[in-house]
Amino acid sequence: MLYKHFACQEEIDRAYDPMLGRDPMVLVNDWRQRSEASRENHRVTLDLAYGPSLAERMDIFHADGLKAPVHVFFHGGYWRSLSHREFSFIVDDLVKSGITVAVVNYALCPQVRFSELVRQTQAAVAYVSRHAAELGIDADQLSISGHSAGGHLCAMLMSTDWQGTFGLPNELIRGALCVSGLYDLRPFPWSWLQPKLQLTGRDVHELSPLGLACRVPAPMHLVAGELELDGFQDQMSAYSEHVSQQGQHVTQQLIPNVDHFSILEHYLNDGCFVGWIKAFHGLS
């Protein structure tokens, strides 16, 4: 067996490729159109550099008022496609609720090693925390979320030693929402993704949240769609158990009637994601 009960690449691909049978351009073009409208409708700082490389950029959607809470979002794309610009549409209800949102871009595989993606997302959170005053946000009110690959990156952020690595308090994150996340990298060296990801055995060992301690003492919500592929649901359950065994406050939930992509609509129209993120910040 290559991984658990999977005997061949085709079986792994069927369990983990949500684009099978779909036209990705239809989906992505819709996100792009909606995101362009969001950028036009909010006060936004575009492509703010949080690191030295061209990929290390974020768009900041500013809520009204001084010292607003801040939510940092990490996009999906299986670590090898898409950018922050396709996902501006998730900010609308959060900004209206008084929460500033940073939508983060990061480099993609194989242009960089997989570990560099993780480092860049850590750098993005550190930047937001350290530059809170000039961004008009409250550094003590920072939460995170991510979709798919972004869910994995959020879990890695919860396993980061912020004090030892960045000199920041391990309590800097108030809460994490991991949407359709991936927490165990072991299947992917055997999948259609490997030519892009180029995962090594060391990557799989060191960058799978399922095998890491959770260092940030903040609540976590793990969600997946009821119509998701089994691989995503299984990984959510396994990671929830792993985190719970460490004494972490974690919930897991299958959202009814949504798949890997339509689940993002819960950032909008009074969806449950907005309520959970507001609760991270003590907002009703």
Side-chain angles (χ1 to χ4, degrees), residues 4 16 69-76 90 94 99 104 118 121-122 124-125 129 140-165 168-187 204-256 258-260 263-264 266-267 271-284:
K4 292 190 174 181
Y16 284 101
V70 61
H71 183 74
V72 186
F73 174 83
F74 299 91
H75 70 83
I90 66 96
L94 291 170
I99 300 173
V104 177
V118 176
T121 56
Q122 292 169 331
V125 170
S129 178
D140 295 326
Q141 288 284 345
L142 186 155
S143 63
I144 61 174
S145 71
H147 173 240
S148 195
H152 161 268
L153 294 170
C154 283
M156 290 300 300
L157 294 171
M158 297 295 284
S159 291
T160 297
D161 179 5
W162 293 101
Q163 179 65 51
T165 305
L168 294 169
N170 282 331
E171 298 80 13
L172 86 165
I173 296 172
R174 295 292 299 265
L177 168 61
C178 301
V179 181
S180 303
L182 297 152
Y183 313 103
D184 184 356
L185 299 179
R186 288 180 296 167
V204 170
H205 176 70
E206 294 183 352
L207 303 174
S208 290
L210 189 60
L212 302 177
C214 191
R215 296 176 179 270
V216 178
M220 300 179 69
H221 290 300
L222 311 180
V223 297
E226 186 182 53
L227 307 179
E228 294 259 16
L229 297 172
D230 290 344
F232 291 88
Q233 296 187 24
D234 292 346
Q235 289 219 5
M236 178 183 69
S237 296
Y239 184 60
S240 177
E241 181 178 358
H242 171 72
V243 172
S244 179
Q245 288 174 350
Q246 299 176 54
Q248 189 84 359
H249 176 66
V250 59
T251 63
Q252 64 166 319
Q253 183 175 343
L254 284 177
I255 306 295
V258 295
D259 62 17
H260 188 72
I263 196 170
L264 286 170
H266 282 276
Y267 280 99
C272 55
F273 298 172
V274 177
W276 292 337
I277 293 168
K278 288 169 63 176
F280 290 152
H281 300 288
L283 301 175
S284 58

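Since the model is a prediction, treat every value here as computed from it, not as a measurement.
Rounding to the nearest 0.5 Å gives a distance of 12.5 Å between CG of L264 and NE2 of H75. If you take CG on L177 and CG on L222, they are separated by 8.5 Å, rounding to the nearest 0.5 Å. Summarising the geometry, atom CD belonging to Q233 is positioned 8.5 Å from atom CG belonging to L227; distances are rounded to the nearest 0.5 Å. Here H205 contributes atom NE2 and R186 contributes atom CZ; the two are 11.5 Å apart, rounded to the nearest 0.5 Å. A distance of 9.0 Å separates CG of L210 from CD of E241, quoted to the nearest 0.5 Å. For the atom pair CD1 of I263 and CG of D259, the computed distance is 8.5 Å after rounding to the nearest 0.5 Å.
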Quiz item: What do the steps show when you test T121 against M156 for side-chain contact (heavy atoms from CB on, under 4.5 Å), and what is the final call?
Solution: CA-CA 9 Å; T121 56; M156 290 300 300; 5.9 Å; no

Quiz item: So L168 and Q163, side-chain contact (heavy atoms from CB on, under 4.5 Å) or not? Walk me through it.
Solution: CA-CA 5 Å; L168 294 169; Q163 179 65 51; over 6 Å; no

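Annotation: side chain of I99 is not in contact with side chain of V70 (no heavy-atom distance under 4.5 Å). Side-chain atoms of S143 and V72, non-hydrogen and from C-beta on, never get closer than 4.5 Å to each other. Inter-residue side-chain proximity for H242 and P209 is flagged as unmet; no heavy-atom pair is nearer than 4.5 Å. Counting heavy atoms from C-beta outward, F74 and V179 have side chains that stay 4.5 Å or more apart. Residues L283 and P69 have side chains in contact (heavy-atom distance under 4.5 Å, counting atoms from C-beta outward). Proximity of F273 to S145: side-chain heavy atoms (C-beta onward) are nowhere separated by under 4.5 Å. In this structure, the side chains of M236 and L254 come closer than 4.5 Å at one or more pairs of heavy atoms. Using a 4.5 Å heavy-atom cutoff, the side chains of F280 and P219 are in contact.
Under the salt bridge (Lys or Arg N to Asp or Glu O under 4.0 Å) criterion, R174 pairs with no residue, sequence neighbours left out. Residues satisfying the salt bridge (Lys or Arg N to Asp or Glu O under 4.0 Å) criterion with E171, sequence neighbours excluded, are absent altogether.
Checked by atom type and distance alone, the side chain of T165 pairs as donor or acceptor with a backbone atom of D161 at under 3.5 Å. S208 places a side-chain N or O within 3.5 Å of a backbone atom of V204 that can act as its donor or acceptor partner. Put simply, the side chain of S159 gets close to the backbone of A213: a donor and an acceptor are under 3.5 Å apart. Between the side chain of Q248 and the backbone N or O of P217, no donor-acceptor pair lies under 3.5 Å.
Taking the six-membered ring where tryptophan is involved, the planes of H221 and W276 are essentially parallel, since the angle between them stays under 30° and well short of 60°. Using cut-offs of 30° and 60° for the angle between ring planes, the Y267 and F73 rings count as perpendicular.
The minimum heavy-atom distance between V216 and N170, with the atom names listed, is CG1-O, 3.3 Å. Taking each heavy atom of I144 and C154 in turn, the nearest pair found is CD1-O, 3.8 Å. Here the closest heavy-atom approach between residue Y183 and residue C178 is recorded as OH-CB, 3.1 Å. Across all their heavy atoms, I255 and V258 have their closest contact at O-CG2, 3.4 Å. When all heavy atoms of L94 and H71 are compared, the closest pair comes out as CD1-CD2, 4.1 Å. Heavy-atom minimum distance, G181 versus F232: O-CD2, 4.2 Å.
At a cut-off of 3.5 Å, with distance as the only test, a side-chain donor of S180 or E228 sits close to an acceptor on the other residue. For the residue pair Y239 and Q252, no side-chain donor N or O sits within less than 3.5 Å of a side-chain acceptor on the partner.
With H147 as the fixed residue, the ring pair (Phe, Tyr, Trp, His ring centres under 6.0 Å) test singles out one of H152, H260, H266: H260.
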